2 protein chains.
Amino acid sequence: MLNRHTVERLVIYNRVLKDLAKKNVKWATSEKIAEILFRSPAQVRKDLSFLGKKGKPGVGYNIRSLIGELDSTLGLRKTWGVALIGAGNLGRALFHYPGFKREGFEFRAIFDNNSSKIGRRWGDITVTPITSLNSVVRKRKINIAVMTVPDYAAQEVADKLTAAGLKELLNFAPVTLNVADNVNVRYADLALELENLSYNLNHRALK
Amino acid sequence: MLNRHTVERLVIYNRVLKDLAKKNVKWATSEKIAEILFRSPAQVRKDLSFLGKKGKPGVGYNIRSLIGELDSTLGLRKTWGVALIGAGNLGRALFHYPGFKREGFEFRAIFDNNSSKIGRRWGDITVTPITSLNSVVRKRKINIAVMTVPDYAAQEVADKLTAAGLKELLNFAPVTLNVADNVNVRYADLALELENLSYNLNHRALK
DNA sequence: CCCTGTGAATATTTTCACAGCT
DNA sequence: AGCTGTGAAAATATTCACAGGG
């Protein structure tokens with residue numbers, strides 16, 4: 001089991017390598033990869049060493065084979081089922097985001113409790129109330145939930161999702177979720193991102 | 001100058017404290033805050049100690065005064081001007097996201113080079129081509145750029161933004177940007193987030 | 001008495017540096 | 001000759017533990 005930081009970097013190496021492959025580059029050294037990502041070659045080597053011995057001394061890494069290894073390790077050879085919880089503006093934008101399908105993530109269900117949204121069709125998916133969660137998760141083979149619900153609803157929704165057996169949540173609500181240890185939550189908290197930038201702006205202004 | 005991790009946590013403490021204040025709680029100990037966020041009391045104390053001595057031994061932290069201190073440190077007492085680059089689905093969702101304005105971030109310009117979008121009005125802002133960037137940044141006092149452009153355009157857009165003097169970027173494009181050291185980029189890379197979850201799913205499946 | 005603020009200790013992460021493979 | 005893989009060293013980050021203040 002790799003630690004979170006390592007996985008975050010592996011995901012990025014994978015993307016960089018796919019970019020290079022698209023440009024028909026066949027081999028890359030740890031130094032080359034590090035340069036593109038503004039990191040150290042030693043870190044790239046150490047991270048990649050977790051995949052087993054994949055580099056060729058004197059040459060570097062074969063890009064195609066490294067991508068294959070990363071795709072396997074990261075679970076990107078499979079297609080995962082995603083449910084969207086919250087059929088608002090942000091939910092719609094994510095639903096149409098082309099990067100998800102390309103990487104093997106497939107929206108298979110959309111939930112919303114707002115009666116004006118229930119029954120609407122987004123592509124070939126019908127918006128349903130969250131009461132149908134358990135059966136849909138089973139029938140549609142849902143693995144991941146993307147939560148774009150209002151902050152006051154987030155914890156309750158998370159409880160229902162984990163009760164339905166989901167263990168991977170991507171949460172856009174500005175709330176720290178209380179979940180069991182075996183559940184993974186990733187936070188995509190957009191206001192927090194801006195507040196981090198704000199600190200820098202403020203610090204600059206004070207100097 | 002605080003390090004990135006500390007600032008990320010301060011931003012979160014600030015949100016938690018505002019939640020508590022809304023519930024009319026007046027004081028909180030480091031242990032209470034830590035419990036809500038699943039962190040250690042020592043870390044909360046050390047982080048907050050960077051603000052100067054703000055806690056009362058034997059009692060804890062006065063929530064109202066701590067929020068004030070955090071708002072000042074994080075630059076949240078000011079209103080910052082934000083430009084949106086890329087008037088697509090995701091851009092629209094962010095434009096309407098209520099959390100931004102509430103925290104003092106104000107969209108003041110929208111740029112897009114797509115002729116079908118130029119001239120459209122979003123609320124009282126008109127979408128303009130990015131050629132007008134420099135003058136708009138000056139006139140509208142833009143501090144932060146939110147980039148929701150396609151990946152192939154991202155680096156070029158980032159170059160233009162920094163050339164116009166912007167130093168704080170929130171980038172939604174799945175690309176590592178090459179920028180000068182004094183420019184801060186935060187990445188909101190949604191496919192990466194799912195890929196991180198995918199690793200966990202895969203790892204679970206293999207066990 | 002209880003909790004803060006903080007040096008010291010511990011744990012984790014990153015980098016160094018080099019033996020060894022191609 | 002050039003680059004990987006990796007223990008050892010260095011740098012960071014977190015936690016401990018307690019002196020001191022309200």
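Because only heavy atoms are used, hydrogens play no part in the values below, and waters and symmetry mates are left out as well, while side chains stay in. Numbers restart at 1 for each chain; the letters A, B, ... are given by sequence-line order, proteins then strands. Owing to the predicted nature of the structure, the values given are computational and were not obtained by experimental measurement.
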Exercise for the section: Evaluate whether atom NZ of B:K56 has more than 12 neighbouring non-hydrogen atoms of other residues, nucleotides or ligands under 6.0 angstrom away. Expected result: no
Handout entry: Residues B:R15 and A:D151 bridged, charged N to O under 4.0 Å
Key = no
Problem - Whole angstrom value for the distance that separates P of C:dT14 from CG of A:N3 - result: 8 Å
Exercise for the section: With heavy atoms under 4.0 Å as the rule, sort A:R9 into base, sugar-phosphate or nothing. Expected result: sugar-phosphate
Handout entry: Stretch residues 14-32 of chain A: residues that reach within less than 4.0 Å of DNA chain C through a heavy atom
Key = none
Completion exercise
Nearest heavy-atom approach of B:V185 to B:N171 is CG1-CB, 4.1 Å
Exercise for the section: Indicate whether any N or O donor in one side chain lies under 3.5 Å from an N or O acceptor in the other, for B:Q43 and B:D47. Expected result: no
Practice task
For the pair B:T148 (side chain) and B:I85 (backbone), establish whether a donor and an acceptor sit closer than 3.5 Å, ignoring hydrogens and angles.
Solution key: yes
Exercise for the section: Using whole Å, report how far CD of B:E69 lies from P of C:dG5. Expected result: 12 Å
Problem - Note: B:E168-B:R186 ion pair, threshold 4.0 Å (strictly below) - result: no
Practice task
Taking atom CZ of A:R140 as the centre, report whether more than 12 heavy atoms of other residues, nucleotides or ligands fall under 6.0 Å from it.
Solution key: no
Problem - NZ/A:K101: more than 12 non-hydrogen atoms of other groups inside 6.0 Å - result: no
Handout entry: Aromatic ring pairing B:W122/B:H96, orientation class (parallel under 30°, perpendicular over 60°, tilted between)
Key = parallel
Exercise for the section: Starting at atom CG of B:L66, determine the distance to atom P of C:dT4, rounded to an integer number of angstrom. Expected result: 11 Å
Exercise for the section: Using chain B heavy atoms and a threshold of under 4.0 Å, write down where along DNA chain D the contacts begin and end, 5' to 3'. Expected result: D:dA13 to D:dG21
Practice task
For B:R39, report the nucleic acid contact type (base, sugar-phosphate, nothing); a contact means any heavy atom under 4.0 Å.
Solution key: nothing
Practice task
Under the side-chain hydrogen bond (donor to acceptor under 3.5 Å, both in side chains) rule, what do B:N202 and A:K78 come out as? Steps first, then yes or no, please.
Solution key: CA-CA 9 Å; B:N202 195 42; A:K78 303 170 186 167; 2.6 Å; yes
Practice task
Mind listing the residues from residues 41-59 of chain A sitting with a heavy atom below 4.0 Å of DNA chain C? Number order is fine.
Solution key: A:A42, A:Q43, A:R45, A:K46, A:P57
